[in-house]
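First the structure, in the form of structure tokens, and then the observations on it.
Just so we're clear, the structure is a prediction, and the values are computed from it rather than from any experiment. Residue numbers start from 1 in every chain, and the chains themselves are labelled A, B, ... in the order their sequence lines are given, proteins ahead of strands.
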Protein chains: 2
Amino acid sequence: MSDSARPARMSTITDVAREAGVSVATVSRALRGLDRVSPETREKVIQVAEELNYMASPTATSLASGRTEVVGVVAPFLTRWFFASLVSAIEKSLRARGHHVLLFDLEDESYDSRLHLSQNLLWRRVDGVITLNLPMTDEELALLDRLALPAVAIGTPMPGHPCVRIDDADAMRQATEHLISQGHRRIAYIGAVPGNVAHVLTPQGRRRAFEETLAAHGIPLREEWVLNCDWTADAAAEHTSALLTCFSAAERPTAIVAASDEMAFGAMAAAHRLGLHVPDDLSVVGIDDHTLSNVLGLTTVRQDVEAQGQVAANLLLGALLDDQPLDPSVMTYVPTELVVRDSVAPPR
Amino acid sequence: MSDSARPARMSTITDVAREAGVSVATVSRALRGLDRVSPETREKVIQVAEELNYMASPTATSLASGRTEVVGVVAPFLTRWFFASLVSAIEKSLRARGHHVLLFDLEDESYDSRLHLSQNLLWRRVDGVITLNLPMTDEELALLDRLALPAVAIGTPMPGHPCVRIDDADAMRQATEHLISQGHRRIAYIGAVPGNVAHVLTPQGRRRAFEETLAAHGIPLREEWVLNCDWTADAAAEHTSALLTCFSAAERPTAIVAASDEMAFGAMAAAHRLGLHVPDDLSVVGIDDHTLSNVLGLTTVRQDVEAQGQVAANLLLGALLDDQPLDPSVMTYVPTELVVRDSVAPPR
DNA sequence: CTGAAAGCGCTTACAG
DNA sequence: CTGAAAGCGCTTACAG
């Protein structure tokens, strides 16, 4: 039965030193595998440490060494597929090399805003930070700088720090080109975001690429077919539904590209609910390859989220563990690929 | 530009003391709001601290005080809806009261096993732990005890510690009763788990309740209609598909209850793919009320995951902050409710 | 109300 | 190869 009143008494480095008949300095060196320790001494120390179930106190080590072996992972949301997958991959990569993740979920009440990083969240608490698709404010960038924290961005780049991401424009181009190659020219878009939502950038990049791809094929853009959305499936369903009911069958878009798979699910569901058949009445394509995309038969552009998390974690670990300085100009693109399933067909 | 080589030089308590013309002890007291400090002194200290942008080093504070103000959150997976939602809710509740979350994702290569908590993950690193649907091994329980760590469980109970959860049996009963009330008697089940999968318990409880509910209505259990599943939508789709193709239309189950919404999605998709209509050819009900359940029209038993995270976090914070000892016998049930949507209809 | 001092448990020059 | 000592930056009795 745990009892928070009774403090845990575990052995300290002093206990080990006494028991092994050496100084604490020697214990420290022996256990950390530093040289300048005789094999016999080391062996003895290790053995005693094991007997005593000794383990260096991370907090004492931190104070003395200046490193915490924890990295801050900061996200604007957590409950969406992309972010949860990222955190999971990062946590595993870091733990494999003795580091831990302190998690910050900056989600606010509304999609329009988010909380901000502050000194008390990071100062002496983490050795570095990984941002997940988070445009940093100038104040936040200044904070990282002042705290001298190495950082790497995933998704949305962070000025002055390396970044790993997919090529949003390219991914969107693949999605849109796929529709066009099937003969679609009446194509709607869901996932635009109002100008005041400044804490997410992905929407801008993808939308621009959509418009450019249309333009490259001489397809005129229909502003009223570019739908705003907070990137949830529910909102996507609503907006898609509104769009589809606005037009007669002949006037309607024949396809819709969603800037994320979750929105694509919403679009498919909306069509379904209106008695329209996907893909025959409406083709849908997304970006992500969400866990549910396979089962729902969604044609999409896959991004490897796990790989992005691993690359970012290892970049940071290189700086932390191997003194490989981070190159601020690094921009690592993880490739994407079109995954054809059942949600796209030629227009009727 | 961040430069990990240049160490951050921030002011320490000594700087503040010097500047304010008092001792470090006084600074410590003044800033922490302890009594026995004259108003003028306190004011002066606070002012100087602000000027110097001073902030106590958490690692030094930890070493001196013995508390880290971080709690370990440990989950068997992270990328599933239930867990991500829980982590998000917990992080917010903890941060609101000055605590942080150190995240442990114990997911292993296979669904059949998981990694284990060990001393080096927790010792002197966290003040307490919250487990997410995780049956603890005896060794892990002993570890918590040895480290004297207060802990609370969410979902799967943890012997000797309080727990917050839903009533699995009741939730499953609601789901199954709903089907029966609509006239179904040929009901399949998906979400059973082989006996060797010992690190998740929810499947057992739900399955038992399903069988009991059938029995209560005098409906014989068909073993071959109880489907194993690793609780992913993909596997659920496969198994459902196999089941549905095994039988002629007249011999088939008319409904299926899924032990989670993600599996329900799989079941719906499988039916759809076989040309069967949900709910007319096959009714489907789940448990959860996943973010996507609304858009997909799934009838389900809703559980309030956010509430579970908040209750657990506040329970732990009570022990940590207010010295309210944790009562090991506490079992808090968060209510569930049936949410009727479009995936259930009377059998043909 | 305030300060000097010990202590938290390590690491890291510095001697030897 | 090893130890004594200072130092990391706080908190906490203990005096006064």
Side-chain angles (χ1 to χ4, degrees), chain A residues 7-46 48-49 52-70 98 119-120 123-125 127 147-148, chain B residues 7-46 48-49 52-70 98 119-120 123-125 127 147-148:
Chain A
R9 165 63 187 158
M10 314 275 314
S11 39
T12 70
I13 197 173
T14 311
D15 300 325
V16 179
R18 188 187 333 99
E19 198 70 21
V22 298
S23 71
V24 297
T26 299
V27 174
S28 176
R29 287 190 207 101
L31 259 22
R32 282 182 303 145
L34 301 186
D35 40 344
R36 317 267 102 200
V37 177
S38 80
E40 309 83 56
T41 313
R42 188 188 304 276
E43 202 176 337
K44 174 70 176 167
V45 169
I46 291 177
V48 172
L52 266 44
N53 199 20
Y54 169 75
M55 179 161 291
S57 154
T59 128
T61 301
S62 290
L63 184 56
S65 71
R67 23 182 57 241
T68 60
E69 297 192 323
V70 355
Q119 180 167 323
N120 68 84
W123 169 231
R124 289 276 157 150
R125 218 162 229 137
D127 292 343
L147 267 29
Chain B
R9 165 63 188 156
M10 313 276 311
S11 39
T12 69
I13 198 174
T14 312
D15 300 325
V16 179
R18 188 187 334 100
E19 198 69 20
V22 298
S23 71
V24 298
T26 300
V27 174
S28 176
R29 289 189 206 101
L31 259 22
R32 282 184 301 144
L34 301 188
D35 40 344
R36 315 271 102 201
V37 177
S38 80
E40 308 83 57
T41 311
R42 188 188 304 277
E43 202 176 336
K44 174 69 176 168
V45 169
I46 291 177
V48 172
L52 266 43
N53 199 20
Y54 169 73
M55 179 159 290
S57 154
T59 126
T61 301
S62 290
L63 184 57
S65 72
R67 24 182 55 243
T68 59
E69 297 191 321
V70 356
Q119 180 166 324
N120 68 85
W123 169 229
R124 289 278 156 149
R125 216 160 232 143
D127 292 343
L147 267 29

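- Counting heavy-atom neighbours within 6.0 Å of B/Q119 CD, excluding the residue itself, gives a total above 12.
- Put simply, NZ on A/K44 is 14 Å from P on D/dT2, counting in whole angstrom units.
- Using a 4.5 Å heavy-atom cutoff, the side chains of B/Y54 and B/L31 are in contact.
- Using a 4.0 Å heavy-atom cutoff across all strands shown, A/T41 reaches sugar-phosphate atoms only and no base atom.
- D/dA4 is unpaired under the criterion used here, namely a Watson-Crick or G-U wobble arrangement in which both key atom distances are under 3.5 Å.
- If you measure from atom CZ of B/R124 to atom P of C/dC8, you get 10 Å, rounded to the nearest angstrom.
- Distance B/R29 CZ to D/dC10 C1': 13 Å, rounded to the nearest Å.
- Among the nucleotides D/dG9, C/dT2, C/dT11, the one closest to any side-chain atom of B/A64 is D/dG9.
- At distances below 3.5 Å, at least one donor-acceptor pair connects side-chain atoms of B/R42 with backbone N or O atoms of B/A30.
- The CZ atom of B/R124 lies 12.5 Å from the OG atom of A/S62; values are rounded to the nearest 0.5 Å.
- The pairing partner recorded for C/dA13 is none, the criterion being a Watson-Crick or G-U wobble arrangement whose two distances lie under 3.5 angstrom.
- Out of C/dG9, C/dC10, D/dG3, the shortest distance to the side chain of A/L63 is found at C/dG9.
- One finds no side-chain N or O of A/S65 lying less than 4.0 angstrom from the OP1 or OP2 phosphate oxygen of C/dT11.
- If you take CG on B/L147 and CZ on B/R125, they are separated by 11.5 Å, rounding to the nearest 0.5 Å.
- When the side-chain nitrogen and oxygen atoms of A/R36 are compared with OP1 and OP2 of D/dT2, none of them lie within a distance under 4.0 Å.
- Relative to the side chain of A/S38, the nucleotides D/dC1, C/dC10, C/dG3 differ in distance, and D/dC1 lies closest.
- The distance from the CZ atom of A/R18 to the CG atom of A/L52 is 8.5 Å, given to the nearest 0.5 Å.
- The 5' end of DNA chain C is approached more closely, in terms of each residue's nearest nucleotide, by B/A25 than by the other of B/A60 and B/A25.
- We find that CG of B/L52 is positioned 14 Å from P of D/dG9, with the value rounded to whole Å.
- Of the side-chain N and O atoms in A/T61, none sit less than 4.0 angstrom from OP1 or OP2 of C/dC10.
- To the nearest angstrom, P of D/dG9 lies 16 Å from CZ of A/R125.
- Look at CZ on A/R32: it is 10 Å from P on C/dA13, rounded to the nearest Å.
- For A/V24 and A/P39, each mapped to the nucleotide of DNA chain D holding its nearest heavy atom, the one lying further toward the 5' end belongs to A/P39.
- Atom CZ of A/R18 is separated from atom C1' of C/dC10 by 16 Å (rounded to the nearest Å).
- At the phosphate of C/dT11, OP1 or OP2 sits under 4.0 Å from a side-chain N or O atom of A/S28.
- Proximity of A/S57 to the phosphate of C/dC10: no side-chain N or O atom is located under 4.0 Å from OP1 or OP2.
- Note: CD (A/E69) to C1' (C/dT11) measures 13 Å, nearest angstrom.
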